[in-house]
Q: 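I have a structure I would like to understand better, so I am pasting it below and will then ask my questions one at a time.
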Protein chains: 2
Amino acid sequence: MNVRTLCLAILHFGEVTGYEIKKLAEDGKFCYFIEASFGAIYPALTRMANEKLVTWRSEVQEGKPVRKIYSITDSGRQEFVQSLYEEPKPDRFKSEFLLMMLCSNTLDRHYVTKLIDKKIIELENERKMLEGLCDNNKSSAETFVTGYGLNMNKAALKYLLEHRSLLEDQQFSVS
Amino acid sequence: MNVRTLCLAILHFGEVTGYEIKKLAEDGKFCYFIEASFGAIYPALTRMANEKLVTWRSEVQEGKPVRKIYSITDSGRQEFVQSLYEEPKPDRFKSEFLLMMLCSNTLDRHYVTKLIDKKIIELENERKMLEGLCDNNKSSAETFVTGYGLNMNKAALKYLLEHRSLLEDQQFSVS
DNA sequence: GTTAGCATGTAAACAGTTACATGATTGT
DNA sequence: ACAATCATGTAACTGTTTACATGCTAAC
């Protein structure tokens, strides 16, 4: 997976601007794929427009910058669907929080509690976001994917609440 | 998180070779942090040895290559613990599988079934690996972290089994 | 008055991947 | 025979991040 494929994937579901791609990959419906910065998205879109995988039109708005609205072309869609038949890389869950928890006995006890509290709030906010997404699903595939994320989120939250004492009641080393 | 911090984190828990760091970050106890290739790990260790954050000794083995066993130094440990007090980046779950499922109605029905079956086997293998890790935990922090991973794995597996019909019973587009 | 959101884009710098090189042993 | 495991390392390449540039609106 790279920024190119991410853009094609989002464009496969409808017209968007570069700015919207960023938002959708960050928070929205497409948050399970990769993160991408503007410095990666805009050049990718420009290159793909040259290669005729996407096209765009300008939309002038009053008091706001011009929007470049991108659409996927037939050859773009073809390349995208073809990429779906390539061997998927294994799923990965990565967490700096878990590294901190693994080393929690070398940290300050109150800092650990603060980190856990913050993580709980983060998970609750993510849950609200995901529940919002679930409400306006169109297809059963969308229901499956947003449901998957919500399921993982709830599992993490439940585990944290039930097992945080394992970390907070341990022996802390003095520094 | 970068390769440097990953190496320091693993060395914080004991002496290892570059080769072992790769394995531990791939499959082992440290699989929740980042993936790193040999081409990233070896130069990182060499650089950190120059900076006196780590040291190493050679171990000659018969019929096998020489092993360079790395240890963390006091200043290495100091830098590492300090990095644990920096704001953690949000956790992320990334999955090419979910992208495929999101687009499953444009794929071949049998291919979708095959992908789900493969994912189930992958999750079961991961579960066995994690259960192996859980058995030889030393601290409650380790118990917490391996338990977290196992909990997420089980939640994913359960969801997949209960909801796969959502994908397999949908209307597929003809190509 | 400052921050955040909307919106696009460039260019230098960097981190990390991929491919290659080497070589013995063990398993299929 | 061939692939896999153990084990270290280099170098070219590439993809991406970070920082900068621009500018208007709305909220706090």
Side-chain angles (χ1 to χ4, degrees), chain A residues 1-8 10-11 15-28 33-51 54-71 83 86-87 89-90 92 94 96 125 129, chain B residues 1-8 10-11 15-28 33-51 54-71 83 86-87 89-90 92 94 96:
Chain A
M1 254 295 235
N2 51 22
V3 176
R4 265 173 89 92
T5 313
L6 173 75
C7 292
L8 287 178
I10 295 178
L11 289 166
E15 299 183 331
V16 279
T17 63
Y19 189 86
E20 287 166 342
I21 289 177
K22 174 93 198 296
K23 297 295 140 195
L24 287 165
E26 221 168 59
D27 268 348
F33 313 134
I34 53 161
E35 267 129 88
S37 63
F38 290 124
I41 293 168
Y42 289 122
L45 287 170
T46 306
R47 208 185 122 199
M48 289 167 102
N50 290 335
E51 294 172 17
V54 300
T55 49
W56 57 271
R57 61 170 204 277
S58 282
E59 197 182 75
V60 184
Q61 309 170 106
E62 42 171 338
K64 273 183 185 174
V66 176
R67 284 153 54 91
K68 278 177 84 171
I69 302 169
Y70 285 88
S71 314
S83 76
E86 276 160 38
E87 184 76 7
K89 293 204 190 77
R92 55 188 202 281
K94 299 288 157 179
E96 289 188 14
N125 287 336
M129 187 270 281
Chain B
M1 255 292 239
N2 52 21
V3 176
R4 266 172 88 92
T5 313
L6 173 75
C7 292
L8 287 179
I10 295 178
L11 289 166
E15 298 183 331
V16 278
T17 64
Y19 189 84
E20 287 167 341
I21 288 176
K22 174 91 197 296
K23 298 296 142 194
L24 287 165
E26 220 169 62
D27 269 349
F33 312 133
I34 54 161
E35 266 130 89
S37 63
F38 290 124
I41 293 167
Y42 288 123
L45 288 170
T46 306
R47 207 184 123 200
M48 288 167 103
N50 290 335
E51 296 172 18
V54 300
T55 49
W56 57 273
R57 61 171 205 276
S58 282
E59 197 183 72
V60 184
Q61 310 170 108
E62 40 171 341
K64 273 183 183 172
V66 176
R67 283 153 55 91
K68 279 177 84 172
I69 302 169
Y70 286 87
S71 313
S83 78
E86 276 160 36
E87 185 76 8
K89 292 204 191 74
R92 56 189 201 280
K94 299 288 157 177
E96 287 188 13

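These numbers were taken from a predicted model, which means no experiment stands behind them. Sequence lines set the chain letters: A, B, ... in the order given, protein chains first and strands last, and positions in each chain run from 1.
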Q: Rounded to the nearest Å, what distance is computed from the CG atom of residue Asn2(A) to the P atom of nucleotide dT16(D)?
A: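 About 6 Å, once rounded to whole Å.
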Q: Assess whether atom NZ of Lys89(B) is packed by more than 12 heavy atoms of other residues, nucleotides or ligands within 6.0 Å.
A: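 Atom NZ in Lys89(B) is not packed in, count stays at 12 or less.
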Q: If I take atom CD1 in residue Ile41(B) and atom C1' in nucleotide dA15(C), what distance separates them, rounded to the nearest angstrom?
A: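 Spelled out: CD1 on Ile41(B) to C1' on dA15(C) is 14 Å.
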Q: Is any side-chain nitrogen or oxygen of Lys68(A) closer than 4.0 Å to OP1 or OP2 of dG9(C)?
A: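 Yes, because at least one side-chain N or O of Lys68(A) sits under 4.0 Å from OP1 or OP2 of dG9(C).
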Q: Between P on dT10(C) and CZ on Phe38(A), what's the gap in Å once rounded to a whole number?
A: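 Between P of dT10(C) and CZ of Phe38(A): 15 Å.
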Q: Take Val66(A) and Ala40(A), find for each the nucleotide of DNA chain C with the closest heavy atom, and name the residue whose nucleotide sits nearer the 5' end.
A: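 It is Val66(A) whose nearest nucleotide is closer to the 5' end.
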Q: Between dG9(D), dA7(D), dA7(C), which one does the side chain of Tyr70(B) approach most closely?
A: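 Comparing dG9(D), dA7(D), dA7(C) against the side chain of Tyr70(B), the answer is dG9(D).
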Q: Rounded to the nearest angstrom, tell me the gap between atom OH in Tyr19(A) and atom P in dT22(D).
A: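 It works out to 20 Å between those atoms.
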Q: Are any of Thr17(B)'s side-chain N or O atoms less than 4.0 Å away from OP1 or OP2 of dT8(D)?
A: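 For dT8(D), OP1 or OP2 has a side-chain N or O of Thr17(B) closer than 4.0 Å.
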Q: Using atom CD of Glu26(B) as one end and atom C1' of dA4(D) as the other, report the distance to the nearest whole Å.
A: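 Glu26(B) atom CD is separated from dA4(D) atom C1' by 14 Å.
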Q: Write down the distance between CD (Glu35(B)) and P (dT17(C)), rounded to a whole number of angstrom.
A: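 After rounding, the gap between these two atoms is 8 Å.
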Q: For Leu24(B) and dA7(D), give me the distance from atom CG to atom P, rounded to whole Å.
A: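 Those two atoms, CG and P, are 12 Å apart.
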Q: Which is more 5' along DNA chain D, the nucleotide nearest Gln61(B) or the one nearest Gly39(A)? Just name the residue.
A: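 The 5'-side residue here is Gln61(B).
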Q: Indicate yes or no for a side-chain donor-acceptor contact from Gln61(A) to the backbone of Pro65(A) under 3.5 Å, with no hydrogens or angles considered.
A: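 Checked: pair present.
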Q: So what does Thr46(B) touch, heavy atoms closer than 4.0 Å: a base, only the sugar-phosphate, or nothing?
A: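 Contact class for Thr46(B): none.
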Q: For Phe38(B), is the NZ or CZ atom of Lys22(B) found under 6.0 angstrom from the centre of its six-membered ring and inside 45 degrees of the ring axis?
A: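 Yes, a cation-pi geometry.
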Q: By nearest nucleotide on DNA chain D, pick out whichever of Lys89(B) and Tyr42(B) is the more 5' one.
A: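 It is Tyr42(B) whose nearest nucleotide is closer to the 5' end.
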Q: Is it true that Lys68(A) and Glu59(A) make a salt bridge, defined as a side-chain N closer than 4.0 Å to a carboxylate O?
A: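 No.
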Q: Do side-chain atoms of Glu26(B) reach the backbone of Glu35(B) as a donor and acceptor pair under 3.5 angstrom?
A: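 Not at all, since once roles are kept as given, no pair shorter than 3.5 Å links the two residues.
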Q: Leu45(B) CG to dA7(D) P: how many Å, rounded?
A: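 Between P of dA7(D) and CG of Leu45(B): 15 Å.
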Q: Compare the minimum distances between each of dT10(C), dC6(D), dT8(C) and the side chain of Pro43(A), then state the nucleotide with the smallest one.
A: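 So the nucleotide nearest the side chain must be dT10(C).
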